Amino acid sequence: MRHMRVAVGQFAVTGEPERNIEIISGFASQAAHNQARILLLPEGVIARSDTDPHYAADHAQTIDGPFVTALRDISESNGIAIMGTVHLHENTAPLPYNCFLVIDHGEILLEYRKIHLYDAFGERESDSIAPGHKVPPLVDIDGWRFGVMTCYDIRFPELARRHAVAGADALVVSAAWARGERKVDHWMTLCKARALENTCYLMACSEHSGHNIGHSLVVDPAGQVVVESGERDALVYADLDRARLDAVRRILPVLENRRLDL
């Protein structure tokens with residue numbers, strides 16, 4: 001596939017899982033109607049609270065629970081791949097995991113447990129979430145290879161580079177980027193840098209709320225912002241273009257020019 005339309009669905013995640021499923025279902029239906037192949041969602045879409053940092057973890061479900069089951073049904077009925085993070089627990093683990101799921105035609109293709117927990121800017125995700133310990137493999141959808149990251153992961157360039165060296169065409173970030181001084185600037189800078197330094201497309205979706213900034217966006221391999229959502233509920237679209245990807249990598253062959261002998 002030389003072109004792929006993707007949709008980024010930014011919304012304020014509510015405290016009620018059933019309401020969040022309704023919103024996601026509406027986004028998926030609209031995205032499929034507009035020929036999008038992928039719908040990217042924010043981080044922690046089961047449930048969130050602006051005032052309780054443990055709320056998402058406290059509402060964790062199992063991977064075969066009602067929320068993920070509903071996501072699989074939405075994916076299958078709309079013929080669309082859904083990407084985003086949910087909080088999941090296992091019966092044998094004391095803390096839940098923050099998991100990035102990729103679901104296509106109702107099948108779970110990837111479950112990535114967030115490896116860089118957000119213990120920064122006065123917050124401590126590690127108090128309620130267990131860390132993952134494995135770099136996720138790339139996911140192939142219609143010949144496009146995607147490398148996924150969750151929120152704070154984007155501050156660690158080695159993870160994005162690992163994906164690019166493995167052959168990623170696009171990097172995907174599901175986030176709930178916290179507000180704060182210059183935090184929108186941090187987000188925009190990091191998203192553009194990860195795309196440009198790896199000559200990959202980058203899709204990034206952040207929850208917007210009183211706590212989180214929104215500003216979801218898609219960046220092309222030359223670091224140009226293709227579309228941005230601002231601070232509102234929004235479903236925005238971008239077209240990934242293989243010719244554009246190849247052209248940027250011809251004139252900026254940073255992945256080939258790396259000096260691994262040093």
Side-chain angles (χ1 to χ4, degrees), residues 1-13 20-43 45 67-86 100-110 138-149 163 167-175 191-192 194-195 199-208 214-230 232-249:
M1 182 180 285
R2 300 294 296 175
H3 299 85
M4 177 182 287
R5 172 158 290 190
V6 298
V8 179
Q10 174 179 294
F11 67 102
V13 178
N20 297 325
I21 283 294
E22 289 177 1
I23 295 169
I24 294 167
S25 181
F27 275 167
S29 177
Q30 186 177 342
H33 179 75
N34 286 290
Q35 288 78 53
R37 184 65 180 85
I38 292 171
L39 170 62
L40 174 61
L41 301 170
E43 178 184 16
V45 291
F67 197 91
V68 175
T69 298
L71 289 181
R72 294 179 67 177
D73 290 343
I74 293 168
S75 168
E76 183 174 21
S77 62
N78 289 282
I80 197 168
I82 293 177
M83 300 182 178
T85 73
V86 296
F100 191 123
L101 297 181
V102 178
I103 303 170
D104 191 19
H105 290 93
E107 297 299 320
I108 297 174
L109 303 184
L110 178 71
L138 301 184
V139 175
D140 188 303
I141 297 177
D142 297 347
W144 285 82
R145 293 162 294 183
F146 297 88
V148 308
M149 299 181 286
H163 287 323
D169 303 307
L171 304 171
V172 186
V173 186
S174 176
C191 286
K192 290 187 284 187
R194 295 295 88 85
T199 55
C200 289
Y201 279 99
L202 183 140
M203 307 157 51
C205 186
S206 172
E207 197 247 5
H208 84 91
H215 288 277
S216 302
L217 70 163
V218 177
V219 186
D220 86 351
Q224 298 181 10
V225 175
V226 177
V227 65
E228 182 189 351
S229 62
R232 66 190 191 283
D233 283 10
L235 183 63
V236 297
Y237 299 90
D239 293 311
L240 310 187
D241 182 354
R242 180 71 63 183
R244 173 65 172 165
L245 180 66
D246 292 344
V248 170
R249 289 180 171 180

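Position 1 is the first residue of the sequence, and the numbers go up from there. In what follows, every heavy atom counts, from backbone to side chain, and hydrogens, waters and symmetry copies are set aside. The structure displayed is predicted, hence computed values, not measured ones.
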### Query
Side chains of F11 and L235: closer than 4.5 Å at any heavy-atom pair?
no
### Query
Is any side-chain heavy atom of V218 less than 4.5 Å from a side-chain heavy atom of Y237?
no
#### Entry: Separation between CG of L240 and CE of M4, rounded to the nearest 0.5 Å
6.5 Å
### Query
Is any side-chain heavy atom of Y201 closer than 4.5 Å to a side-chain heavy atom of D220?
yes
### Query
CD1 of I74 to CD1 of I82: how many Å apart, nearest 0.5 Å?
5.5 Å
#### Entry: Any side-chain heavy-atom pair of W144 and R37 under 4.5 Å
no
### Task
Heavy atoms only: give me the nearest V248-P221 pair and the separation to one decimal.
CG1-O, 3.7 Å
#### Entry: Spatial distance of atom CD (E228) from atom OG (S216) [nearest 0.5 Å]
8.5 Å
#### Entry: Ionic contact status for D239 with R5, cut-off 4.0 Å
yes
### Query
Can you list the residues that meet the side chain to side chain contact (heavy atoms under 4.5 Å, CB included) rule with E76, with sequence neighbours excluded?
none
### Message
Could you tell me if the side chain of C205 sits less than 4.5 Å from the side chain of P42, heavy atoms only?
### Response
yes
### Message
Does S174 form a side-chain contact (heavy atoms from CB on, under 4.5 Å) with L41? I'd like the steps, not just the answer.
### Response
CA-CA 6 Å; S174 176; L41 301 170; 5.7 Å; no
## Note on the structure
Taking every heavy atom of G214 against every heavy atom of S206, the minimum-distance pair comes out as O-CB, 3.3 Å
### Query
Got a donor-acceptor contact below 3.5 angstrom from the R145 side chain to the L138 backbone?
no
### Task
Taking atom types as modelled, find out whether H208 and D233 have a side-chain donor-acceptor pair closer than 3.5 angstrom.
yes
### Message
Ignoring hydrogens, what is the shortest heavy-atom contact between C191 and L217? Give both atom names and the distance.
### Response
SG-CD2, 3.8 Å
## Note on the structure
On a heavy-atom basis, the closest approach of V45 and V13 is O-CG1, 3.8 Å
### Qualifying residue for salt bridge (charged side-chain N to carboxylate O under 4.0 Å, His left out) with D169, from R2, R242, R244
R242
### Message
Determine whether F67 and I24 satisfy the following criterion, side-chain contact (heavy atoms from CB on, under 4.5 Å), listing intermediate values before the conclusion.
### Response
CA-CA 11 Å; F67 197 91; I24 294 167; 4.1 Å; yes
### Query
Is the closest side-chain heavy-atom distance between I38 and M203 below 4.5 Å?
yes
### Note, I108 side chain near V68 side chain (heavy atom, < 4.5 Å)
yes
### Query
Between the main-chain N or O of F100 and the side-chain N or O of T85, is there a donor-acceptor pair closer than 3.5 Å?
no
### Query
Nearest 0.5 Å, what's the CD-CD1 distance between Q10 and I23?
12.0 Å
### Query
Do you know the tightest heavy-atom contact between V219 and A195?
CG1-CB, 3.7 Å
### Message
Test of understanding: with side chain to side chain donor-acceptor pair (under 3.5 Å), list the residues that count as partners of D73, not counting sequence neighbours.
### Response
none
### Query
If we only count heavy atoms from C-beta on, is the V102 to I141 side-chain gap below 4.5 Å?
yes
### Flag, side chain of D241 to backbone of A243, donor-acceptor distance under 3.5 Å
yes
### Task
Report yes or no: does H163 contribute a side-chain atom to a donor-acceptor pair with the main-chain N or O of V148 at less than 3.5 Å?
yes
### Task
Quick one: do V172 and V6 satisfy side-chain contact (heavy atoms from CB on, under 4.5 Å)? Show the steps, please.
CA-CA 11 Å; V172 186; V6 298; over 6 Å; no
### Query
Which heavy atom in A238 sits nearest to a heavy atom in V226, and how many Å separate them?
CB-CG1, 4.0 Å
#### Entry: Pairwise distance SG(C200) to CZ(R249) - rounded to 0.5 angstrom
4.5 Å
### Spacing of CG belonging to D246 relative to OG1 belonging to T199, to within rounding of 0.5 Å
10.0 Å
